[in-house]
2 protein chains.
Amino acid sequence: MAKRRAVIFAAGAAFRRRGYHNTSMVEIARSLGLSKAALYYYVKSKEEILFECHIMVYAAMDEAVKSVKGKGEDGLDKLSLLYSEFARLLTRDGLALLADVDSLKGEYRDTVMARRAAIERAVTRLVKMGMKDGSIKKADAKITVFFFMGALNWLNVWYEPGGRISGEAIAEQFVAQMRNGLAA
Amino acid sequence: MAKRRAVIFAAGAAFRRRGYHNTSMVEIARSLGLSKAALYYYVKSKEEILFECHIMVYAAMDEAVKSVKGKGEDGLDKLSLLYSEFARLLTRDGLALLADVDSLKGEYRDTVMARRAAIERAVTRLVKMGMKDGSIKKADAKITVFFFMGALNWLNVWYEPGGRISGEAIAEQFVAQMRNGLAA
DNA sequence: CATAAATTCGACCCTTGAGTCAAATTTATA
DNA sequence: TATAAATTTGACTCAAGGGTCGAATTTATG
């Protein structure tokens, strides 16, 4: 069902632009040339759409984690590769971290939080590895991780696809600044 | 009117915890032992509360910008001082950047966006100064700025006042990571 | 006290927007 | 083309929540 994905994407784009609660189902429908009722043929609820938006990103991030497995010399190196993947990912395909986790309830919320925690664990693992092998300066791992993960989340707010700055450029510079910030 | 500030603070705390749209006026009122109607004696609308929350932070940031004027040797130095102030500020006093700018409309929105832009300009100015005087590595200034400003905005999501990690520790490590990331 | 001013409240109004449903329309398929 | 399946819709229901209002209550103040 490709149309379902189209709905999720259209909604995601709108959520990113105006926020989850400031986007009505009617607006999403109109942006696809449909009526609201038709949306509910593809989707169970508005919350489900938000959920899928989040999951889509975490799925891609999991993929990225897998794709850099085995690559890279030391912790810092591995981390750089992964971070670069993340930056690329989030400036492409209309994928983007949403901030409205608070609007998810119950199972939806739990699942998303768990997926986010898993990503954070994967990143933290690399950071700690780097601290052990001497490639990353010793410091509080949590602060370290959240410092540069924040930059990724902040992308939603300012990055405009097709604008002056390419996702490629962002990825490169973000990695450089992270590397230099953490290198021992 | 100190009670008005109490309302803004209580609301701000709730907004941060559960999000603007997931917090009802009744809940805010209850958290202060008041009825909803009583709230409207101190406040014009829910939107005004959100507006004040934002302004409060930007006022403090403006203050910080002023407080570091004239201090510091070079661009990187000045930037570090300012960034440290920012980090301290946002982990104190219940102050915190909110993400719900999208929920503000008209004048409110314009004002907040303008204030944010002003802060960004101040920071960007220092970055460019640093690139000129050789203390900061040359790179795209916008990407540079948003990289570490993102970390500050991400604080809302994970920082818990009174938790294991102190605001002081965050400020220190954030500054260190920013410095190393940017130093020429 | 008495009276004015400052607060607070219960009850109400009203809009917005999510979600439903039976019927209509379009698109396969035999 | 007849019939079933897949889509789409207009019209509706319903609850949540922001905001208002006149009355009640509490707190100054002369």
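Here is how names work: the chains are called A, B, and so on, in the same order as the sequence lines, proteins then strands, and each is numbered from 1. Here the structure is a predicted model, which is why all the values come from computation and not from measurement.
One can find a donor-acceptor pair under 3.5 Å joining the base of D/dG19 and the side-chain atoms of B/K36.
With a cutoff of under 4.0 Å to any heavy atom of chain B, the contacted region of DNA chain C is bounded 5' to 3' by C/dA6 to C/dG10.
Taking every heavy atom of residues 9-30 of chain A and every atom of DNA chain C, pairs under 4.0 Å involve A/T23, A/S24, A/M25, by number. Within a heavy-atom distance below 4.0 Å of DNA chain C, no residue of residues 48-55 of chain B is found.
For the pair A/Y41 and A/A37, nearest-nucleotide mapping onto DNA chain D gives the more 5' position to A/Y41.
Residue A/Y42 has a polar side-chain atom (N or O) positioned under 4.0 Å from OP1 or OP2 of D/dT8. For A/K3, a side-chain nitrogen or oxygen approaches OP1 or OP2 of D/dT8 to under 4.0 Å.
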>> As a quick check of understanding, evaluate salt bridge (charged side-chain N to carboxylate O under 4.0 Å, His left out) for A/E52 and A/K44, giving each step before the final call.
In response: CA-CA 11 Å; A/E52 292 287 6; A/K44 201 148 58 57; over 6 Å; no
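Using a 4.0 Å cut-off between a side-chain N of Lys or Arg and a carboxylate O of Asp or Glu, A/R164 and B/D140 qualify as a salt bridge.
To the nearest 0.5 angstrom, A/T144 atom OG1 is 10.5 Å from A/K128 atom NZ. Within the model, atoms CZ of A/F147 and CE of A/M178 stand 11.0 Å from one another, a figure rounded to the nearest 0.5 Å.
Under a 3.5 Å cut-off, the side chain of A/K132 and the backbone N or O of A/G75 do not form any donor-acceptor pair.
A/Y108 and A/F51 have tilted rings, their planes meeting at an angle from 30° to 60° on a 0 to 90° scale.
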